[in-house]
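Worksheet for the structure shown next.
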Amino acid sequence: MDISVIVPLYNEAESLPELQAWIERVMQANGFTYEVIYVNDGSTDNSWEVIEELCRRNPAVRGVCFRRNYGKSPALNTGFARAKGDVVITMDADLQDSPDEIPELYRMITEDGYDLVSGWKQKRYDPLSKTIPTKLFNATARKVSGIKNLHDFNCGLKAYRQKVVKRIEVYGDMHRYIPYLAKNAGFNKIGEKVVKHQARKYGTTKFGLDRFVNGYLDLATLWFTNKFGIKPMHLFGLLGSLMFMLGFIAVVIVGAAKIYAMHSGGHYTLVTNSPYFFIALTMMILGTQLFLTGFLGELIVRNSSRRNEYEIEMETGGGETPAATNEK
Ligand code: UDP
Ligand code: MG
């Protein structure tokens, strides 16, 4: 099968028939073999009935229905697990993304050799309250992830080589960082294509302004787990040791000053009158805690069943025919 289209949706009943008809038009015009997987993320409108109707009309349509609303990432992850196409395309259900982009995205994966191609809504039809923070957000994501050529991390329209979606795990709200997840899994050929964007035709947006706060927190988590996930002591141990040392040096200075003052017979005060005493104390306590946090992190990693899982691209030798081991 050439293409799997995955559509996560939450209360988008009005858009679905139009979207499905449009996808079918594009697929037929280009002669693709395909499937469309609608993941109904606990909609409270009649989206599921609409999906069932679409399935009856076209055997290429499949539906998955969550019992409650989990979020866009779990919906995508569920679709990824079921996708059978060589190229997997994700698309929002609200008709903001255009199915007309599918053939070119498919070509970029199959001919240009990209692992992932992300849409770039260069000209957006969203309110300013969304487009300005988005610019900032993308600049930070570029910097932290090191994927310098992406302008629009969170575009719903993306295309993937099948093995990419089988390798990455999207959870929480991590759909905003799928290119970063892919890069962390060793997929380096990440490209971009300018795509047409339209104003929302039906319904309302499902994300409020809290998307930006959560977005930044998730980015911090990803950065940390990628860099120190299997060696937490390298961060906490270093910070803890540094702080403890500084505190210790400060204590020695405070103590030495006191002893010197006592012996030189001059006027001396209690060490607790010196602000440095408290600074030293706090630093030593915090330093010890950071160090212990590092140790606890290491113990947790030691117990993780995934501590020794690596991305193996292929293996060869030993008299057997070389085979790509990770292909699914
Ligand atoms: N969506 C979802 N679960 C949610 C929220 C959103 O499946 O909890 C879907 C939604 O139905 C749409 C896509 O994710 O197909 C993008 O959402 P939306 O258009 O509201 O986001 P925006 O375009 O405003 O960024
Ligand atoms: Mg939208």
Side-chain angles (χ1 to χ4, degrees), residues 4-23 36-51 54 61-83 88-99 101-102 118-138 141 150-159 165 170-179 195-216 218:
S4 293
V5 181
I6 297 174
V7 184
L9 63 115
Y10 178 51
N11 294 343
E12 313 276 7
E14 296 136 300
S15 315
L16 294 178
E18 220 167 296
L19 179 70
Q20 176 60 29
W22 194 352
I23 294 176
V36 185
I37 306 176
Y38 289 99
V39 186
N40 175 18
D41 183 13
S43 297
T44 49
D45 65 355
N46 65 335
S47 294
W48 184 245
E49 284 76 47
V50 176
I51 293 169
L54 296 175
V61 179
R62 298 169 63 189
V64 183
C65 187
F66 285 169
R67 192 165 293 134
R68 49 161 274 221
N69 177 247
Y70 284 102
K72 189 175 175 183
S73 295
L76 284 175
N77 204 54
T78 304
F80 285 164
R82 285 164 176 70
V88 177
I89 301 213
T90 59
M91 185 178 279
D92 289 353
D94 54 1
L95 296 166
Q96 290 196 277
D97 302 327
S98 158
E101 310 284 355
I102 292 176
S118 180
W120 173 16
K121 299 162 281 186
Q122 199 171 27
K123 176 121 188 52
R124 289 187 70 144
Y125 295 88
D126 279 321
L128 269 188
S129 61
K130 193 152 130 194
T131 48
I132 293 174
T134 298
K135 282 221 161 69
L136 261 162
F137 161 87
N138 278 311
L150 282 201
H151 292 85
D152 190 359
F153 276 72
N154 190 18
C155 183
L157 182 55
K158 286 191 173 61
V165 305
V170 196
Y171 65 96
D173 269 342
M174 295 301 180
H175 60 269
R176 299 196 177 93
Y177 301 109
I178 293 181
V195 293
K196 278 203 210 75
H197 187 238
Q198 303 171 77
R200 216 180 213 285
K201 198 162 168 188
Y202 307 104
T204 51
T205 176
K206 306 298 183 300
F207 296 100
L209 282 178
D210 58 345
R211 70 168 77 196
F212 296 108
V213 181
N214 295 339
Y216 276 106
D218 285 343

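Remember, it's a predicted structure, so these values are computed and weren't measured experimentally. When a residue number appears, it is its place in the shown sequence, counting from 1. Start at 1 and go down the list; that is how both ligands and their atoms are numbered.
Listed by number with element, the atoms of ligand 1 under 4.0 Å from a non-hydrogen atom of R200 are 18 (P), 19 (O), 20 (O). For ligand 1, the atoms closer than 4.0 angstrom to any heavy atom of L9 are 7 (O), 11 (O). For ligand 1 and D41, the ligand atoms under 4.0 Å from any heavy atom of the residue are 2 (C), 3 (N), 4 (C), 7 (O), 8 (O).
In this structure, the protein non-hydrogen atom closest to atom 25 (O) of ligand 1 is R211 NH1, 3.3 Å. Closest to atom 9 (C) of ligand 1, if we only count protein heavy atoms, is P8 O, 3.7 Å. Looking at atom 19 (O) of ligand 1, its nearest protein heavy atom turns out to be D94 OD2, 2.5 Å. If you check which protein heavy atom lies closest to atom 14 (O) of ligand 1, you get K72 CD, 3.4 Å.
Between A75 and ligand 1, no N or O atom pair is found at a separation short of 3.5 Å. At least one N or O atom of A93 sits closer than 3.5 Å to an N or O atom of ligand 1. For T204, no nitrogen or oxygen atom sits less than 3.5 Å from a nitrogen or oxygen atom of ligand 1, counting backbone and side chain alike.
Residue-level proximity to ligand 1 for E12 is carried by the side chain, the only part with a heavy atom below 4.0 angstrom. Of all the heavy atoms of M91, none lies under 4.0 Å from any atom of ligand 1, so neither backbone nor side chain is involved. The backbone and the side chain of D92 each have at least one atom closer than 4.0 Å to an atom of ligand 1 (non-hydrogen atoms only). Looking at N69 against ligand 1, only its side chain comes within 4.0 Å, counting heavy atoms.
Between K72 and D173, none of the side-chain N atoms (NZ, or NE/NH1/NH2) sits under 4.0 Å from a carboxylate O, so this pair counts as no salt bridge. Taking a cutoff of 4.0 Å between a charged side-chain nitrogen and a carboxylate oxygen, E14 and K201 do not qualify as a salt bridge.
The nearest N, O or S atom of Q96 is closer to the Mg ion (ligand 2) than 2.8 Å. For a distance bound of 2.8 Å, the N, O or S atoms of D92 include none lying that close to the Mg ion (ligand 2).
D94 contributes atom OD2 as its closest N/O/S atom to the Mg ion (ligand 2).
Atom-to-atom distance recorded for S118:OG and H151:NE2 is 11.0 Å, nearest 0.5 angstrom. Remark: M174 CE to L76 CG distance equals 13.5 Å, nearest 0.5 Å. For the atom pair Y202 OH and D94 CG, the distance stands at 12.0 Å (nearest 0.5 Å).
In this structure, K135 forms no cation-pi arrangement with F137, as its terminal cationic atom is not both closer than 6.0 Å to the ring centre and no more than 45° off the ring axis.
Here the side chains of I51 and L16 are in contact, with some heavy-atom distance below 4.5 Å.
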Worksheet item: Can Y38 and Q20 be said to form a side-chain hydrogen bond (donor to acceptor under 3.5 Å, both in side chains), step by step?
Response: CA-CA 10 Å; Y38 289 99; Q20 176 60 29; 2.7 Å; yes
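Around the NZ atom of K206, the shell of radius 6.0 Å holds more than 12 heavy atoms that belong to other residues, nucleotides or ligands.
For atom 21 (O) of ligand 1, the choice among Y70, F207, Y10 with the nearest heavy atom turns out to be F207. Looking at K130, Q96, K206, it is K206 that brings a heavy atom closest to atom 6 (C) of ligand 1.
The distance between the ring centers of Y171 and Y177 does not fall below 6.0 angstrom.
With hydrogens and angles left out, the side-chain atoms of N154 and T134 include no donor and acceptor closer than 3.5 Å.
Contact annotation: G71 has at least one heavy atom less than 4.0 Å from an atom of ligand 1.
Classification of the H175-F207 ring pair by plane angle, with boundaries at 30° and 60°, yields tilted.
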